[in-house]
Amino acid sequence: MNVLWIVADDLNDYLWAEEERSTDAPNLARLAQAATRFDACYASSPLCCPSRASYMVGKTPAWTGVLNNIYERFFRQHFNGKTVVTIPEHFKTNGYFTVGINKIYHNFQQSTFDNDFDYAQPNPMLRAGSWNQYYKLQEGTPRPLDRDFLAGLGYSWGRLPETDEALLADHRAVSRALLVMESFADNPAIFAHKPLMLTVGLISPHVPHFAPARFFPDAYLPYIPGTTTVNYQSAENPDGWPLPDFGPGGSAAVLGQLPAAAQAMATTNAEHQASFDQFALAYAGFTAFSPAELRLVRMANANMAYHATIRFFDYEVGRLVDALDSLGLADNTLIVMLSDHGFSMGEHSHWAKNSLWETDLRVPLILYDPRNPVGKRIAEPVSLIDLFPTLCDLTGLPKPVVLGDSSYLDGQSLVPMMNGTGVARPVVSEIRLNGDPRLRCDVARSVLTDDWHYIELAWDPSGSCLKNNIDYVPVLYDLQRDRFEWFDVAEDPANMLVVNYLQSLLKEGSGAPVPAFTLKIIPPLGNAVSADSVLSLQVLIRSATGDSTVNIGPNMKILWQLVVQDSTFQFAGESLRLDLGALPDAFLAGADWIRVDAYLWSTTSMRLLSLDGQTLGLLHARTSGTPEVIEPLPCDVPEDQRGKFYDVYGRLVTDPRPMQLYLDACGNKRMLLH
């Protein structure tokens with residue numbers, strides 16, 4: 001199989017509805033319809049250089065030592081003498097002709113970066129490093145629209161004339177890729193009759209957010225002082241551009257309830273948010289808008305420009321995918337599309353990247369295999385470091401062996417999950433925050449599971465970095481109830497066991513924890529239970545690889561925890577059977593949901609081995625008459641259900657709002673962008 005590998009820069013992965021992505025990025029949607037799409041893929045670091053260095057060599061940032069954007073001149077100087085193998089190097093060694101174009105490692109085409117390519121060797125078959133052939137940009141005299149020049153503009157954006165499209169670096173990179181594909185199809189001898197791995201690194205949607213004018217929405221306001229209407233969505237302007245839902249009370253209120261360390265991560269490591277306030281003050285009096293309106297107008301423009309660069313990226317992806325079809329290469333080419341990390345749009349008063357919130361960590365990952373062109377979505381969490389072993393399995397290549405170590409790769413192949421087997425592992429991400437001296441004393445880390453996101457920040461209020469001065473500040477989000485990470489629940493006593501378990505995963509040291517067991521609650525049918533019903537739950541325990549089920553051993557037991565409103569109750573037993581109707585009315589009165597957690601506990605080590613949770617909507621049949629019937633949900637969304645959304649109780653939502661979380665007919669989480 002040939003491999004076409006497309007890399008985006010700063011492309012976030014908001015939970016998106018099929019219909020919305022079809023509008024915003026139709027080529028990605030078309031690709032995903034016949035591919036495996038991972039809806040919860042996370043970068044191992046929320047910054048370009050550490051993320052790319054990590055997934056390119058299949059090792060965690062903890063191992064590579066690359067934890068921020070301080071970049072050596074030569075790629076391999078990052079690793080302090082360690083032996084590393086990159087994905088394209090491994091493919092080249094095992095019979096592929098590898099071609100790299102544009103930004104793949106962390107660079108912007110400067111001549112001082114080698115891109116792990118041997119320029120001195122004229123014979124492409126003898127070159128060391130990652131590539132048989134590497135192209136910075138299509139040949140030609142640089143023009144001011146190249147990213148080398150635009151990057152000096154920093155966090156800015158704007159429309160470009162359509163006539164300048166061919167001058168943009170991404171367009172030129174794709175044009176070069178098309179020439180490579182045409183040559184490969186017409187004359188395989190140039191490539192020594194080897195299969196091709198073609199990696200195309202597009203810089204979009206990285207700042208500055210400039211794109212041809214046609215990719216911008218009509219509501220964009222290029223000259224704000226001269227306008228007479230706002231561009232953001234409001235009650236008075238329902239057709240305007242919707243900003244993300246910043247949470248109860250707005251982003252400042254959400255940020256204000258967090259520990260000081262988390263507030264600093266939001267505001268001092270990416271100061272773009274403050275620029276909107278400064279803009280509002282600078283233009284107050286020069287326009288009919290109030291300072292508050294000016295701030296929102298500029299934020300909406302920034303959001304529109306980001307989405308314009310996504311549309312531009314999508315257009316270039318379409319050029320690549322269409323060329324596979326026209327050149328007769330589609331049936332024998334794997335397609336991989338990913339981003340190096342995400343991008344925040346004002347959530348937590350944070351803009352851009354370099355934080356450990358989901359908006360900065362979650363990325364799109366699409367794997368298209370023409371041998372199995374069936375659209376599939378995988379909701380369990382995976383990591384970009386899983387890409388290396390996955391590509392090996394999809395192409396039949398062996399895993400790399402380094403210095404006799406066959407377990408060199410930190411990630412796990414995603415092929416078993418693609419085939420309906422295998423289990424997800426917790427995902428660890430890490431970064432050495434570089435904006436605030438109080439956060440720079442040690443690495444900040446997070447671990448994600450299906451249900452939880454735990455962040456641990458090293459915090460020294462003095463900035464002295466004396467060992468005894470450093471606090472490790474916990475932040476915890478319950479992703480089942482709080483998908484947008486608005487409420488830190490680390491100090492909630494009901495979550496003490498969760499915090500202890502997730503902390504233990506971070507202490508394992510490898511940065512890629514592999515729990516010995518995975519535990520999964522077998523939930524009731526539907527998404528809700530009646531307050532009159534008997535809640536009956538069991539658990540499934542599987543081995544670390546997910547290959548087999550495991551019986552509860554003599555030194556293990558199951559602990560159950562029920563959380564209703566502010567009350568917490570714990571039980572023990574291999575299964576849970578609880579008559580909700582026998583509970584006092586006051587206990588459940590006013591509750592919209594109940595949460596049940598299951599913990600696998602070792603009685604010898606006295607520690608948690610695994611956990612799982614289930615949040616269920618609570619239907620009050622005793623006060624609302626006939627209980628609502630919750631039907632089992634189908635596994636595939638029927639045609640007549642596309643575009644329909646449901647709440648946690650399984651009830652149809654007739655007027656879904658942008659940036660709010662809903663369920664589709666299969667129970668998958670969805671969110672409208674516009």
Side-chain angles (χ1 to χ4, degrees), residues 1-8 13 31-32 34-44 51-60 63 84-96 98 104 130 195-200 332-341 362-402 406-429 448 510-514 544-547:
M1 300 295 292
N2 304 309
V3 180
L4 172 61
W5 180 5
I6 306 167
V7 181
D13 192 39
L31 180 62
T36 300
R37 196 179 93 198
F38 295 86
D39 287 343
C41 181
Y42 297 93
S44 54
S51 175
R52 290 169 184 259
S54 174
Y55 67 70
M56 288 298 290
V57 303
K59 304 293 289 184
T60 66
W63 187 92
V84 299
V85 178
T86 72
I87 294 176
E89 176 189 17
H90 184 63
F91 273 66
K92 182 162 63 71
T93 302
N94 285 275
Y96 274 75
T98 60
I104 299 167
S130 292
L196 175 67
M197 171 177 268
L198 173 60
T199 305
V200 185
N332 196 40
T333 301
L334 296 165
I335 304 176
V336 184
M337 198 294 293
L338 59 85
S339 176
D340 54 356
H341 52 75
R362 195 171 67 240
V363 298
L365 174 61
I366 298 174
L367 296 176
Y368 170 74
D369 185 344
R371 297 166 297 188
N372 186 27
V374 179
K376 185 174 185 178
R377 306 177 71 146
I378 293 178
E380 290 80 16
V382 301
S383 171
L384 284 181
I385 62 170
D386 297 330
L387 181 66
F388 201 149
T390 302
L391 288 177
C392 288
D393 280 358
L394 288 174
T395 55
L397 267 59
K399 309 294 194 304
V401 176
V402 174
S406 60
S407 60
Y408 163 77
L409 295 176
D410 283 336
Q412 67 171 352
S413 173
L414 302 177
V415 171
M417 294 177 70
M418 296 169 69
N419 293 334
T421 62
V423 295
R425 295 185 345 195
V427 175
V428 170
S429 302
L448 279 140
S510 70
V514 185
T545 59
D547 296 331

Thr333 side chain reached by Pro370 side chain, heavy atoms, under 4.5 Å
no
Compare every heavy atom of Ala379 with every heavy atom of Ala40, then report the nearest pair and how far apart it is.
CB-O, 3.4 Å
Side-chain (Tyr96) to main-chain (Val3) donor-acceptor, under 3.5 angstrom:
no
Tell me the salt bridge (Lys or Arg N to Asp or Glu O under 4.0 Å) pairs involving residues 384-399, sequence neighbours left out?
Asp393-Lys399
Gap separating the CE atom of Met1 from the CE atom of Met197, nearest 0.5 angstrom:
12.0 Å
Go through the structure and list residues passing ring pair (Phe, Tyr, Trp, His ring centres under 6.0 Å) with Phe38, not counting sequence neighbours.
none
Rounded to the nearest 0.5 Å, how far does CG of Leu334 lie from CG of Leu391?
7.5 Å
Considering all heavy atoms, the nearest Val84-Tyr408 contact:
CA-OH, 3.6 Å
For Val423, all residues meeting side chain to side chain contact (heavy atoms under 4.5 Å, CB included), sequence neighbours excluded
Thr518, Arg542
So Val415 and Leu394, do their side chains get closer than 4.5 Å, heavy atoms only?
yes
Taking only residues two or more places apart in sequence or in another chain, which ones pass side chain to side chain donor-acceptor pair (under 3.5 Å) with Asn2?
none
So do the side chains of Val363 and Leu338 get within less than 4.5 Å of each other, counting heavy atoms only?
no
I need the minimum non-hydrogen distance between Trp63 and Asp410, along with the two atoms involved.
CB-OD2, 4.4 Å
Mind listing the closest non-hydrogen atom pair of Gly95 and Pro195 along with its distance?
O-CD, 3.3 Å
All pairs passing salt bridge (Lys or Arg N to Asp or Glu O under 4.0 Å) where residues 86-96 contributes a residue, at least two apart
Arg76-Glu89
Decide side-chain contact (heavy atoms from CB on, under 4.5 Å) for Cys392 and His90; before the verdict, give the C-alpha distance in whole Å, the side-chain angles of both, and the deciding distance to 0.1 Å.
CA-CA 9 Å; Cys392 288; His90 184 63; 3.8 Å; yes
Distance check, rounded to the nearest 0.5 Å: Ile378 atom CD1 versus Met417 atom CE?
5.0 Å
I need the minimum non-hydrogen distance between Trp5 and Met56, along with the two atoms involved.
CH2-SD, 3.4 Å
For the pair Asn94 (side chain) and Leu397 (backbone), establish whether a donor and an acceptor sit closer than 3.5 Å, ignoring hydrogens and angles.
no
Side-chain donor or acceptor of Ser383 paired with backbone N/O of Val427 under 3.5 Å
no
With sequence neighbours left out, the residues meeting side chain to side chain contact (heavy atoms under 4.5 Å, CB included) with Asn372 are Val374
Nearest 0.5 Å please: distance from the CG atom of Leu384 over to the CG atom of Leu365.
6.5 Å
Donor-acceptor under 3.5 Å (Thr421 side chain, Pro416 main chain):
yes
Give, for atom CG of Leu367 and atom CE of Met418, the distance between the pair rounded to the nearest 0.5 Å.
5.0 Å
Tell me, please, which residues at least two apart from Ser54 pass side chain to side chain contact (heavy atoms under 4.5 Å, CB included).
Ser44, Pro61, Ile385
Please identify each residue that fulfils salt bridge (charged side-chain N to carboxylate O under 4.0 Å, His left out) with Glu380, with sequence neighbours left out.
none
Partner residues of Arg425 under the salt bridge (charged side-chain N to carboxylate O under 4.0 Å, His left out) criterion, sequence neighbours left out:
none
Compare every heavy atom of Tyr42 with every heavy atom of Pro381, then report the nearest pair and how far apart it is.
CB-CE1, 4.1 Å
Stepwise side-chain contact (heavy atoms from CB on, under 4.5 Å) test for Cys41 and Asp13
CA-CA 9 Å; Cys41 181; Asp13 192 39; over 6 Å; no
With Val401, which residues qualify under side chain to side chain contact (heavy atoms under 4.5 Å, CB included), at least two apart?
Ser406
Please list, chain by chain and in numerical order, all residues satisfying ring pair (Phe, Tyr, Trp, His ring centres under 6.0 Å) with Tyr368, sequence neighbours excluded.
none
Going by the rule side chain to side chain donor-acceptor pair (under 3.5 Å), which residues pair with Thr86 if we only count those two or more places apart in sequence or in a different chain?
Ser130
Is Thr390 reaching over with its side chain to a backbone N or O of Leu414, donor-acceptor style, under 3.5 angstrom?
yes
Could you measure the distance from the CD1 atom of Ile104 to the OG1 atom of Thr199? Nearest 0.5 Å is fine.
5.0 Å
Donor-acceptor pair, side chain of Tyr55 and main chain of Ile87, under 3.5 angstrom
no
